[in-house]
Amino acid sequence: MRFDELPLSEPLLRALAEMGYEEPTPIQEQAIPIALRRRDIVGQAQTGTGKTASFGIPIVELVEAQGNGVEALVLVPTRELAEQVGEELGELARFKGTGIVPIYGGVSFGPQLKGLKEGGRVVVGTPGRIMDHVRRGNLDLRHVRILVLDEADRMLDMGFIDDIKWILKQVPKESQKMLFSATMPGIIKGISRQFLPDHETIQVSEDRLTVEGTDQSYIKVGYRNKVWALYRVLEAEKPELAMVFCRTKHEADKVAKLLKGHGFACEALHGDMPQGARNRVMQGVRDSTIKVLVTTNVAARGIDVLHTSHVINYDLPEDPEWYVHRVGRTGRMGRAGKAITFVTKEEEKFLGDIAQTAGTKIELRQVPETGARDKVQKVLDFFEYADRTGMVHFRIDIGRKDNVSMMQLFQALSRASGLHDQDLGKVQVYEGYSEFEVPRELARRVYQGVHRRVILGKPVRLAVVERKY
Ligand code: ADP
Ligand code: MG
């Protein structure tokens, strides 16, 4: 849905466009039409879901800019929020010219009084200072037609319950009331029943902090083969929507580009992208034209997409808590979801902690077979093959039966791969084959110089011997 599909006036649409808001968030989509009908609302949605504009847009639409006195009152818990919400309302009202006055304690009364006298139509403030102004006769609440309690749970936490009740009793009984909160403790439900008996409830699903019900597994894969493994997983799973989490923006870009190049409906989403581009990507996600979203922890924070079928941890999250946040994005609304985590050999030891934090089992699984030719090729990842000391172990099919001595083989291998003698580790010659080790940084060079070449007069093959880590 776009903002211009809502019954909003031209000056407001223009303001939204300038603010870079292209489409309403879920709570905005639900709350705005109801609020415009002057209905009471109790809205619950987690932080960052756009609750401010959910009441800010209706206020700017419903309050006549040129009238007299205070017509809308927004109560917030802190002065920072008074400033912040006041600012957002100011931006929304930019082309209507509605006077917005922030009011909070700790500063002198003078400028606030001036704002009220000079046509302030909307007051955004903290309860204590608002009461002060009312008692001093600076602020008349008898003509308030819209009252908003923003961040109601925080206001109660801060001990404003009596102040709020006092203010609620000062405004006309028939005024429109809206209450927004991230959580709904009993005391807020009580206030809602008492002061907004005939409200509409709007709820936007919150991040669950449990991940049970989501099928969780991990795949052991080296860094260089993660794109290959991801390709296989996507081919095999055909997700409705996969969110792929990378550690960095750069990595997210790289992965998205590679997958796109192989024909996947895939886009990156991260904080370096301009808001317009981010909005376009999110639209694609909602329209299901994008099936794979490659993102980072931070960028994913505000995203709420219910049809996420797969969460893929391309990189292991730094913090076990983040695992839960990421995986909690799938398996919602009673759907079965899958979470697949890629771990390198060195990272495997962190899985225990993560599983414990998440309170679940994370089972080892293999990279799926697709039965078709891979578009993304698996490569030799010598860093993944290295042992704890960083050595890669090779087996070569030449041995005593070929009349080869340890010294001869040692020299032949050094020559073929262009290494210094000291770079080559232990060489052991057995009957039918031999084994030797090289530092992982040099493994590729050795492989290229030796595999399928002629060594000591014989065409040879090299294989990596994986050691227990
Ligand atoms: P909440 O009060 O639910 O915690 P806010 O109203 O403070 O959330 O909004 C969170 C952020 O999202 C703000 O930076 C705000 O500017 C931005 N935002 C809100 N609505 C939209 C929208 N429709 N499009 C783009 N950004 C939005
Ligand atoms: Mg808020």
Side-chain angles (χ1 to χ4, degrees), residues 1-8 12-33 35-36 41-61 72-94 100 102 104 122 124-127 147-158 160 164 178-184 188 201-207 269-271 273-287 298-305 325:
M1 192 192 238
R2 293 190 318 265
F3 276 116
D4 59 14
E5 294 170 63
L6 290 168
L8 300 178
L12 199 83
L13 289 174
R14 200 148 35 104
L16 287 166
E18 290 216 349
M19 291 164 78
Y21 290 13
E22 288 182 359
E23 58 197 35
T25 65
I27 184 121
Q28 289 164 6
E29 194 174 316
Q30 293 182 59
I32 292 169
L36 288 173
I41 286 177
V42 172
Q44 182 184 3
Q46 68 189 100
T47 308
T49 48
K51 293 190 286 298
T52 312
S54 300
F55 59 80
I57 290 172
I59 284 178
V60 170
E61 285 293 56
L73 175 63
V74 179
L75 297 181
V76 296
T78 64
R79 22 169 157 167
E80 289 73 27
L81 272 168
E83 281 288 357
Q84 204 177 305
V85 171
E87 209 166 287
E88 180 154 353
L89 293 195
E91 284 184 48
L92 288 168
R94 177 194 279 174
I100 315 282
Y104 46 83
V122 181
V124 184
T126 51
L147 174 73
V148 176
L149 306 180
D150 188 24
E151 316 259 350
D153 49 358
R154 279 181 68 197
M155 286 204 281
L156 296 177
D157 283 347
M158 294 176 69
F160 287 137
I164 289 170
M178 294 183 256
L179 181 153
F180 289 91
S181 195
T183 59
M184 277 299 152
I188 295 191
T201 304
I202 297 172
Q203 218 170 350
V204 172
S205 79
E206 51 183 316
D207 252 355
L269 182 82
H270 58 69
M273 294 163 55
Q275 189 62 42
R278 291 178 53 122
N279 292 345
R280 272 192 298 283
V281 169
M282 283 316 297
Q283 191 56 47
V285 167
R286 286 190 204 101
D287 298 344
V298 178
R301 203 174 300 192
I303 303 178
D304 197 49
V305 192
H325 279 285

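Atoms within each ligand, like the ligands themselves, are counted from 1 in listed order. Along the sequence shown, the residues carry numbers beginning at 1. Source: prediction; values computed, not measured.
- Shown here, atom 17 (C) of ligand 1 is in close reach of the protein: a heavy atom of it lies under 4.0 Å off.
- Distance check for D150 against the Mg ion (ligand 2): none of its N/O/S atoms falls below 2.8 Å.
- Within the 4.0 Å heavy-atom criterion, the part of F3 lying near ligand 1 is the side chain and not the backbone.
- A donor-acceptor distance shorter than 3.5 angstrom exists from the side chain of E5 to the backbone of R2, with no hydrogens or angles considered.
- Atoms of ligand 1 found under 4.0 Å from any heavy atom of G50, numbered from 1 in the order shown, are 1 (P), 3 (O), 5 (P), 6 (O), 8 (O), 9 (O), 19 (C).
- The backbone N or O of M184 lies less than 3.5 Å from no partner atom in the side chain of S181, so there is not a single donor-acceptor pair.
- Of all protein heavy atoms, the one lying nearest to atom 6 (O) of ligand 1 is T52 OG1, 2.7 Å.
- Checking atom 20 (N) of ligand 1 against the protein gives a heavy-atom contact under 4.0 Å.
- Using a 4.0 Å cut-off between heavy atoms, Q28 contacts ligand 1 through its side chain alone, with no backbone atom that close.
- Not a single protein heavy atom sits closer than 4.0 Å to atom 12 (O) of ligand 1.
- When hydrogens are left out, the protein atom nearest atom 15 (C) of ligand 1 is Y21 OH, 3.1 Å; that is the closest non-hydrogen contact.
- The distance from ligand 1 to the heavy atoms of T49 drops below 4.0 Å at these ligand atoms: 1 (P), 3 (O), 8 (O).
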